[in-house]
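Remarks on the structure that follows.
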Amino acid sequence: MPQKVRTAVFPVGGLGTRFLPATKAMPKEMLPVVDKPLIQYAVEEARAAGIERFIFVTGRGKAAIEDHFDFSFELDAMLQARDKLDGLQIVREMMMPPGSISYVRQQEPMGLGHAVWCAKALVGDEPFAVLLPDDLVQSNTPCLKQLLEVYEETGGNVVAVMDVPREHTQRYGILDVESDDGRLASVKGLVEKPKPEVAPSTLSIIGRYVLLPQVMDFLAEKVVGAGGEIQLTDAMARTIGAHPFHGLRFEGKRFDCGDKVGFMEANVAFALARPDLGADMRSALLPYFT
Ligand code: UTP
């Protein structure tokens, strides 16, 4: 039985330049989809998958994330005094168990691999999950839970993957597949952002990972990869051979909320799926398409 995964790392140290000016003074991860910040979706997904320890790798200008998960005495008192019980329930239910969240600073945004490495001391010698909050997944079973179910069977590293058009391979980490049953692919290699003509497949990694602690040893070497950044994909690739590595075609739809169109699409999709908003949203959108 593989060791239980108790810890999740949330890299939130990126600059979010594609969302300027919105992200000038506000972290990208605080952008709301309908009425909830992206980071809260990611944290809720991890909680629903049984995660108990939450590590945020932050950077300058990210204080709003810490405040968001803190108790707000004034707000709580005001909502109570004004009898705003729905709001009160929302802010109370999102409170995390005391001591379950830790923050570590990535002093410079040197890449996703570097952000994950910054959490090394807090993660310790245990398997851990990584969730990128700008990848939002709408699914029946939380995406991370799907990965952990596979991990319990296979052990090793497990990442969420999806098929993308070949012309998009340069945006993702791509699998070199050894065998594939249509749901689970066994992986013999990984390439970060390959050109379409040299990509070994079109199976792309999205922002959900279950990783063994050994990946930290390779990240510690701080090898610079694609785009001049320290890439998580490169370090994961070096663990292959020593440990099993699988890619799971997860059930659900992924929205790239780091991209403007993906973010707006997520807002529409999540609003349409909400029992309290779906019908009104549908009527509001209809005139644009008739
Ligand atoms: P992105 O590639 O989307 O970069 O990072 P970004 O800086 O956040 O956004 P743009 O491209 O400038 O608009 C993917 C994920 O990795 C994290 C980001 O916070 C995001 O969750 N990241 C990236 C870090 O934590 N540190 C880094 O050095 C780079």
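Just follow the structure's listing: the first ligand is 1, and inside any ligand the first atom is 1. Values below: all heavy atoms of this structure, side chains included; hydrogens, waters and symmetry mates excluded.
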Write out the residue and atom name of the closest protein heavy atom to atom 23 (C) of ligand 1, then the distance separating them to 0.1 Å.
G14 CA, 4.0 Å
Close N or O approach (L132, ligand 1; < 3.5 Å):
no
Between the side chains of K28 and D134, is the shortest nitrogen-to-carboxylate-oxygen separation below 4.0 Å, so that they form an ion pair?
yes
Might you point out which heavy atoms bring F250 and A160 nearest each other, and give the distance in Å?
CD2-CB, 3.8 Å
If we number the atoms of ligand 1 from 1 as shown, the ones under 4.0 Å from a heavy atom of P109 are 28 (O)
Considering only the protein, which heavy-atom contact is closest to atom 4 (O) of ligand 1, and what is its distance?
K28 NZ, 4.2 Å
I need the atoms of ligand 1 closer than 4.0 Å to a non-hydrogen atom of E29, numbered in the order shown.
19 (O)
For a quick check under 3.5 Å, do H114 and Q106 share a side-chain donor-acceptor pair by atom type?
yes
protein heavy-atom neighbour closest to atom 25 (O) of ligand 1 works out as G13 N, 2.9 Å
In terms of side-chain geometry, is the basic nitrogen of D76 or R92 positioned less than 4.0 Å from the acidic oxygen of its partner?
yes
Ion pair check, R183 and E251, cut-off under 4.0 Å
no
If we set the cut-off at 4.0 Å for heavy atoms, which region of E108 has an atom near ligand 1: side chain, backbone, both, or neither?
neither
Honestly, for V12 the part within reach of ligand 1 (heavy atoms, under 4.0 Å) is backbone
With a 4.0 Å cut-off on N to O distance, would you call E197 and R166 a salt bridge?
no
Does a side-chain heavy-atom distance below 4.5 Å link V223 with I230?
no
Ligand 1-proximal atoms of M110, by part, heavy-atom distance under 4.0 Å:
backbone
Out of V130, V116, T17, D134, who gets a non-hydrogen atom closest to atom 10 (P) of ligand 1?
T17
If we number the atoms of ligand 1 from 1 as shown, the ones under 4.0 Å from a heavy atom of A115 are 24 (C), 25 (O), 26 (N)
In this structure, atom 13 (O) of ligand 1 is nearest to the protein heavy atom R18 N, 2.8 Å
For ligand 1, find out whether one of its N or O atoms is nearer than 3.5 Å to an N or O atom of G258.
no
Inspect the contact between E45 and R208 and indicate whether a charged nitrogen and a carboxylate oxygen are less than 4.0 angstrom apart.
yes
If we only consider heavy atoms of E229, is any one of them less than 4.0 Å away from an atom in ligand 1?
no
Salt bridge check: are K145 and E149 linked by an N-O gap of less than 4.0 Å?
yes
Clusters formed by hydrophobic residues whose side-chain heavy atoms approach within less than 4.5 Å: which one holds M281, and what are its other members?
V268, L272, L285, Y288, F289
Tell me which one of P11, G113, G111 gets a heavy atom nearest to atom 28 (O) of ligand 1.
G111
Which residue supplies the protein heavy atom nearest to atom 26 (N) of ligand 1, what is that atom called, and how far is it?
Q106 OE1, 2.8 Å
Is any side-chain N of the basic residue among R249 and D180 closer than 4.0 Å to the acidic one's carboxylate O?
yes
For atom 7 (O) of ligand 1, closest protein heavy-atom neighbour
L15 N, 2.8 Å
For atom 16 (O) of ligand 1, what is the closest protein heavy atom, and at what distance to 0.1 Å?
L112 CD1, 3.7 Å
